[in-house]
Number of protein chains: 2
Amino acid sequence: MSNMKPLPLPLLDPAPGEAGAAPCCPPLTERPFTVEEARTAARMFKALGDPVRLRLFSAVASHAGGEACVCDISDVGVSQPTVSHHLKKLREAGLLTSERRGTWVYYRVEPSVLATMGRLLAAT
Amino acid sequence: MSNMKPLPLPLLDPAPGEAGAAPCCPPLTERPFTVEEARTAARMFKALGDPVRLRLFSAVASHAGGEACVCDISDVGVSQPTVSHHLKKLREAGLLTSERRGTWVYYRVEPSVLATMGRLLAAT
DNA sequence: CGTCTATGTTGACACTCATCGATACAAGCG
DNA sequence: CGCTTGTATCGATGAGTGTCAACATAGACG
């Protein structure tokens, strides 16, 4: 409602409430996680813990050019508001970033994410 | 030594309702996940999507000998029933297995899990 | 047998979440 | 300026989840 910002992209900035993928945490097998580590890592796992979000993330991650328009990946069997909702969750978890270009919005995988999560599951 | 376990352990077998970690799914970046792949993989991510469960899993995974007694890992800031509840979730997701030996119950990481999940996040 | 310890289960509660329709916002085009 | 399309937000709702206290179960030991 009182969205009086003169700034161009009020809905797409990664600004407030979005987590950002910190280079968090040693491998899960290295030592017991601390409360803080667990909270950070669980946020990422949780974001991928929904089938629809996992399909959306996979669709973006595997898309040619490293990015995908929402229109390219919306066919996951749920309504458009629900797709938008899940993409927002993935953004808030720091897994995806978005950018509006003209009419369309493009999503890409936050670069550090795959390495960070891969490291969590690395065997010692 | 009547500890020969002639009876099946109704609470500890991975029998019904427990998922089992299938060698599921290509890397997330390879191609968009199918509905079935997403359902299977999301079940595992979801199990790790809670801070308490992540600490329990990490405690088991990092414990000397590859297994941990519940009594070794119960100090995660929640009540004993809650610990038991979360361990059950991790079992049902196929991430942990349990075995009673005498008074104590020991948990270990399902061997294939780390490799399977690591593969999901492998970069191409 | 009885009792103690370790762990799992039940039932209840508050809370979160996935989903949708309706609506708002953004950009291009006539 | 309206019209159209793409995407985000709002509000409601039903399903799911984390948590605990109380209770149940299993083994060890006397």
Side-chain angles (χ1 to χ4, degrees), chain A residues 1-15 17-18 38-39 42-43 45-56 60 68-93 96 98-107, chain B residues 1-13 17-18 38-39 42-43 45-56 60 68-93 96 98-107:
Chain A
M1 349 183 249
S2 59
N3 209 345
M4 311 191 49
K5 341 178 136 177
L7 298 173
L9 299 175
L11 304 174
L12 300 174
D13 283 346
E18 317 245 328
R39 228 169 21 124
R43 207 179 301 140
F45 282 119
K46 187 175 185 177
L48 296 181
D50 179 273
V52 172
R53 280 199 293 273
L54 202 50
R55 292 185 69 196
L56 289 170
V60 172
C69 171
V70 175
C71 57
D72 292 327
I73 60 177
S74 294
D75 189 22
V76 288
V78 295
S79 69
Q80 177 269 320
T82 302
V83 169
S84 191
H85 166 74
H86 284 305
L87 289 172
K88 183 180 185 178
K89 287 294 196 78
L90 289 166
R91 261 188 294 133
E92 290 174 344
L96 294 181
S98 66
E99 181 196 359
R100 164 157 246 144
R101 287 207 297 275
T103 305
W104 297 279
V105 177
Y106 293 85
Y107 281 77
Chain B
M1 287 302 291
S2 57
N3 219 352
M4 298 299 291
K5 186 183 159 198
L7 300 174
L9 299 173
L11 304 176
L12 300 176
D13 284 348
E18 317 245 329
R39 227 169 21 125
R43 207 179 301 140
F45 282 119
K46 188 176 187 178
L48 296 181
D50 178 272
V52 173
R53 280 198 294 272
L54 202 50
R55 292 186 69 198
L56 289 171
V60 172
C69 170
V70 175
C71 57
D72 292 328
I73 59 178
S74 294
D75 189 23
V76 288
V78 295
S79 69
Q80 176 269 321
T82 302
V83 169
S84 192
H85 166 74
H86 283 304
L87 288 173
K88 182 181 185 179
K89 287 293 197 77
L90 288 167
R91 262 187 294 131
E92 290 174 345
L96 295 181
S98 66
E99 180 195 1
R100 166 157 244 146
R101 288 205 296 274
T103 305
W104 296 278
V105 176
Y106 293 86
Y107 281 77

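Letters A, B, ... mirror the listed sequences (proteins, then strands); counts begin at 1. Keep in mind that what you see is a predicted model, and the values were worked out from it rather than measured. Only heavy atoms go into these numbers, but all of them, side chains included; no hydrogens, no water, no symmetry mates.
Residue A:H85 holds its NE2 atom at 6.5 Å from CZ of A:R53, rounded to the nearest 0.5 Å. Atom CG in A:L54 sits 6.0 Å away from atom CZ in B:F45 (nearest 0.5 Å).
Proximity of a side-chain donor or acceptor of B:R55 to a complementary backbone N or O of A:A38 within less than 3.5 Å is not detected.
The interatomic distance linking B:I73 (CD1) with C:dA6 (P) rounds to 15 Å, in whole Å. In this structure, CD of A:E92 is placed 14 Å from P of C:dT16, rounded to the nearest angstrom. Rounded to an integer number of Å, the gap from CH2 of A:W104 to C1' of C:dC25 is 17 Å. A:E99 has its CD atom 17 Å from the C1' atom of D:dA8, to the nearest Å. Rounding to whole angstrom units, CZ of residue A:R53 and C1' of C:dT19 are separated by 12 Å. Between A:L87 atom CG and D:dT7 atom P there is a gap of 10 Å when expressed in whole angstrom units. Spacing between atom CZ of A:R100 and atom P of D:dT5 amounts to 16 Å, rounded to whole angstrom units. In this entry the distance linking CG of A:D50 with C1' of D:dT17 reads 14 Å, nearest Å.
Remark: B:Y107 is in phosphate contact with C:dG8, judged by side-chain N or O atoms under 4.0 Å from OP1 or OP2. Residue B:K46 has no polar side-chain atom (N or O) positioned under 4.0 Å from OP1 or OP2 of D:dG16. Note on B:K88: every side-chain N or O is 4.0 Å or more away from OP1 and OP2 of C:dT7.
For the pair A:E92/A:K89, a side-chain contact is recorded, criterion being any heavy-atom separation below 4.5 Å from C-beta on.
Looking at residues two or more places apart in sequence or on another chain, you find a side chain to side chain contact (heavy atoms under 4.5 Å, CB included) between A:T82 and A:V78, A:S79, A:H86. Applying the side chain to side chain contact (heavy atoms under 4.5 Å, CB included) test to B:K46 and every residue at least two apart in sequence or in another chain returns nothing.
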Do any side-chain atoms of residues 69-77 of chain B form donor-acceptor pairs under 3.5 angstrom with protein atoms, and if so which ones, sequence neighbours left out?
{"unit_1": "B:D72", "atom_1": "OD2", "unit_2": "B:C69", "atom_2": "N", "d": "3.3"}
{"unit_1": "B:S74", "atom_1": "OG", "unit_2": "B:V70", "atom_2": "O", "d": "2.6"}

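Comparing D:dT19, D:dG27, D:dT7 by their nearest atom to the side chain of A:C69 picks out D:dT7. The side chain of A:T103 has C:dG28 as its nearest neighbour among C:dG8, D:dT19, C:dG28.
A:R101 comes within 4.0 angstrom of no nucleic acid atom, judged by non-hydrogen atoms across all strands.
A heavy atom lying under 4.0 Å from DNA chain C marks the following residues of residues 76-86 of chain A, by number: A:V78, A:S79, A:P81, A:T82, A:H85, A:H86.
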